[in-house]
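A quick write-up on the structure given underneath.
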Protein chains: 2
Amino acid sequence: MATGRTHRPATRSRGIPEATVARLPLYLRALTALSERSVPTVSSEELAAAAGVNSAKLRKDFSYLGSYGTRGVGYDVEYLVYQISRELGLTQDWPVVIVGIGNLGAALANYGGFASRGFRVAALIDADPGMAGKPVAGIPVQHTDELEKIIQDDGVSIGVIATPAGAAQQVCDRLVAAGVTSILNFAPTVLNVPEGVDVRKVDLSIELQILAFHEQRKAGEEAAADAVAPPAVARKQPHVGPSADSTGSADKGPDGDVPAVMPA
Amino acid sequence: MATGRTHRPATRSRGIPEATVARLPLYLRALTALSERSVPTVSSEELAAAAGVNSAKLRKDFSYLGSYGTRGVGYDVEYLVYQISRELGLTQDWPVVIVGIGNLGAALANYGGFASRGFRVAALIDADPGMAGKPVAGIPVQHTDELEKIIQDDGVSIGVIATPAGAAQQVCDRLVAAGVTSILNFAPTVLNVPEGVDVRKVDLSIELQILAFHEQRKAGEEAAADAVAPPAVARKQPHVGPSADSTGSADKGPDGDVPAVMPA
DNA sequence: AATTGTGAACACATTCACAGCT
DNA sequence: AGCTGTGAATGTGTTCACAATT
C-alpha cells in the first residue's frame with residue numbers, strides 16, 4: 001500500500017512495517033482491557049487471541065518494537081501498554097478538528113473512543129451558518145470561516161473530513177494550507193494532497209462492496225460444490241479480518257469535480 | 001485483510017487477489033464518474049490517476065478479471081463498469097440490516113452511497129423500545145426482538161453493526177445464527193465468528209492512531225534533520241500515492257528512552 | 001504510435017519451526 | 001518446562017520493462 005518509496009536508509013533499524021503499525025492499536029486495545037482487569041502478564045498466545053491475530057505474527061510485530069517480553073513468562077501488561085502508546089505517539093495530546101457536522105460528523109464528535117486515547121476534539125466546523133454556535137457533543141460548532149484560525153491557534157495537525165464528497169477536496173486544500181498534515185477522510189472521493197501529507201480513508205460503500213464480492217463468491221461456490229465436485233474439505237478458516245487501507249492522492253483530472261453530493 | 005482463505009481451487013484461475021478486490025470499488029467509482037460525463041474510453045494511465053493508484057497496478061488488476069482493454073486504445077468505460085459491477089456482485093440486490101441506531105447508525109441509514117450501488121437498507125434495528133416505530137431516514141426502526149424474523153423473511157446476508165462495543169458480539173451471534181454471513185463492524189471490538197462468515201471492521205480510533213504514528217514520525221524526522229546531518233537530499237518522492245504510507249525512511253533518532261515502568 | 005497485457009524481478013508480509021533464555 | 005525471539009521459508013502484492021496488438 002502506500003507509498004512509499006522513500007529511499008530507505010538501508011541500515012539502521014527503526015523502520016516498523018506498515019502492517020505492524022496497523023495492528024498496534026489492536027494490541028493496545030486488548031492490553032488496555034487486560035490492564036483494567038488488573039492482569040499482570042500475558043502470553044503471546046493469549047494476547048494474540050484477544051486481538052484476533054495469530055501469535056507468531058504478534059511476536060514478530062513486537063520484535064520490531066524491541067521485544068519487551070520475558071521468555072518462559074510472557075509480557076508485562078502495563079509495560080507493553082506504555083511502550084505501544086509511546087510508539088504510536090499517544091503519550092502526547094493530538095488536537096483534531098472535524099469538518100462537516102452532519103449525521104456522520106455528529107456521530108464522530110460523540111464517539112467516546114475518540115477522546116480516550118490522546119485525541120482531543122479541538123473544534124467542530126461546518127459550512128452551514130445556521131449550525132454556528134449550536135453545541136454538538138458539548139462543543140459549539142464553528143463556521144468554516146474560522147478554519148484557518150482554529151488550526152493555527154490550536155496547533156492542529158490532524159483533520160477529519162466528514163463533508164459531502166463535493167466539498168471534500170476544497171476542505172482538504174484549506175486544511176493542508178493551514179498546516180494540517182494528516183487527514184482522515186470519510187467522504188467518498190480520492191483526495192489530492194501534496195507530498196508529506198498522509199491521508200487515510202474510511203469508506204462504507206467500499207467495505208460493503210468488498211463484502212458483496214465475497215458473499216457472491218460463497219453462493220457460487222455452493223452451487224459449484226453441489227453441481228461439480230464433492231469437496232469434503234473445510235471451506236474457511238477462523239480468522240476475523242481486518243480492513244481499511246489507505247490511499248492518498250492522485251490527480252484528479254481536469255475538473256476534478258465529483259458528481260453530486262454523495263455518490264457511490 | 002479480511003477474509004479470504006477459502007481453499008483456493010488451485011488451478012483454474014478464478015482467484016482474484018484480495019488486494020485487487022479492494023481496489024475494484026475505487027475503479028468503479030472513477031469509471032462511474034467518467035460514464036456520467038459520457039467519456040467513451042479511458043487509458044490505464046488516466047483511470048489510474050482518477051482512482052489514485054498507478055497504472056501498472058491497474059492493468060495487472062484488470063488482467064485478473066480477464067483484460068477487457070484494447071491495445072493502442074484503452075478501455076471502454078461502459079463495458080468496464082459492467083464487468084466490474086458484475087465481478088463485485090453489484091448486479092444483484094443486497095438487502096442489508098443496520099443494528100444499533102444511535103448517531104452512527106442514523107448516519108449510515110442516511111448515507112446515500114448506500115442505496116446507490118445495489119445495497120438496500122432492509123431494516124433498522126435497535127434495542128431501545130423507545131426507538132421502535134420512529135422513522136430514521138424514512139425507515140421505521142424495529143426492535144431487536146424482530147431481528148431473526150427480518151433476516152429470514154428478507155433473505156438478508158449482510159449485517160452492519162453500529163452498536164456500542166459491549167453489545168456487538170451478542171448482536172453478531174444473533175445475526176450469524178439467523179443466517180447473516182457478512183458483517184461490517186463499526187464497534188471497537190474483535191468479533192468472533194464461525195468459519196464461513198466474513199467480517200470487516202471500520203474503526204475510527206485505529207485510523208487516528210495510525211495517523212498519529214506517522215505524524216509523530218514526521219516531527220521526529222524534522223528534528224533529526226535539523227540536528228543531526230545535512231541531508232541535502234530529497235525527502236520524499238512525488239508519488240501519487242496512496243497513502244498510508246509509508247515509510248520509510250529514517251529512523252527516529254536516538255531512541256526513545258525507556259523510562260518508566262519496567263526494564264526488560 | 002499508442003497502449004495494453006504480462007512474465008520476471010523485487011519488495012513486503014506471514015508463517016514455520018526451533019534455538020535460546022528464564 | 002515454558003514461552004519468547006527470530007532466521008529461514010513461503011506467500012502475497014507491486015513494479016519494471018517490453019513484447020504483443022490494434
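Residue numbers begin at 1 in each chain, while the letters A, B, ... track the order of the sequences. In what follows, every heavy atom counts, from backbone to side chain, and hydrogens, waters and symmetry copies are set aside.
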| message | I'd like to know whether the aromatic ring centres of A:Phe62 and A:Tyr68 sit less than 6.0 Å apart in this structure. | response | no
| query | Below 4.0 angstrom, N of the basic side chain to O of the carboxylate: do B:Asp203 and A:Arg29 qualify? | reply | yes
| So does A:Asn54 get a side-chain nitrogen or oxygen closer than 4.0 Å to the phosphate oxygens (OP1/OP2) of C:dT15? | yes
| request: Could you point out which residue of A:Leu90, A:Thr32, A:Leu31 forms a side-chain contact (heavy atoms from CB on, under 4.5 Å) with A:Ile84? | output: A:Leu31
| request: Let me know the distance between CG of A:Asp76 and C1' of C:dT22, rounded to the nearest Å. | output: 15 Å
| Residue list, salt bridge (charged side-chain N to carboxylate O under 4.0 Å, His left out) with A:Glu46, at least two apart or on another chain | none
| message | I need the CG-C1' distance between A:Leu65 and D:dG5, as an integer number of Å. | response | 13 Å
| Got a sec: does the CD of A:Glu45 have more than 12 other heavy atoms crowding it under 6.0 Å? | no
| said: Which residue is it: A:Thr70, A:Leu58, A:Thr41? I am looking for the one with a side-chain contact (heavy atoms from CB on, under 4.5 Å) to A:Tyr75. | reply: A:Leu58
| note | Letter by letter from the 5' end, nucleotides 2-9 of chain C scores (B base, S sugar-phosphate only, - none; protein heavy atoms under 4.0 Å) BBBBBBB-
| request: Could you tell me the separation between the NZ atom of A:Lys57 and the C1' atom of D:dT6, rounded to a whole number of Å? | output: 17 Å
| task | Give the rounded distance in Å between these two atoms: CD1 of A:Ile16 and P of C:dA13. | result | 12 Å
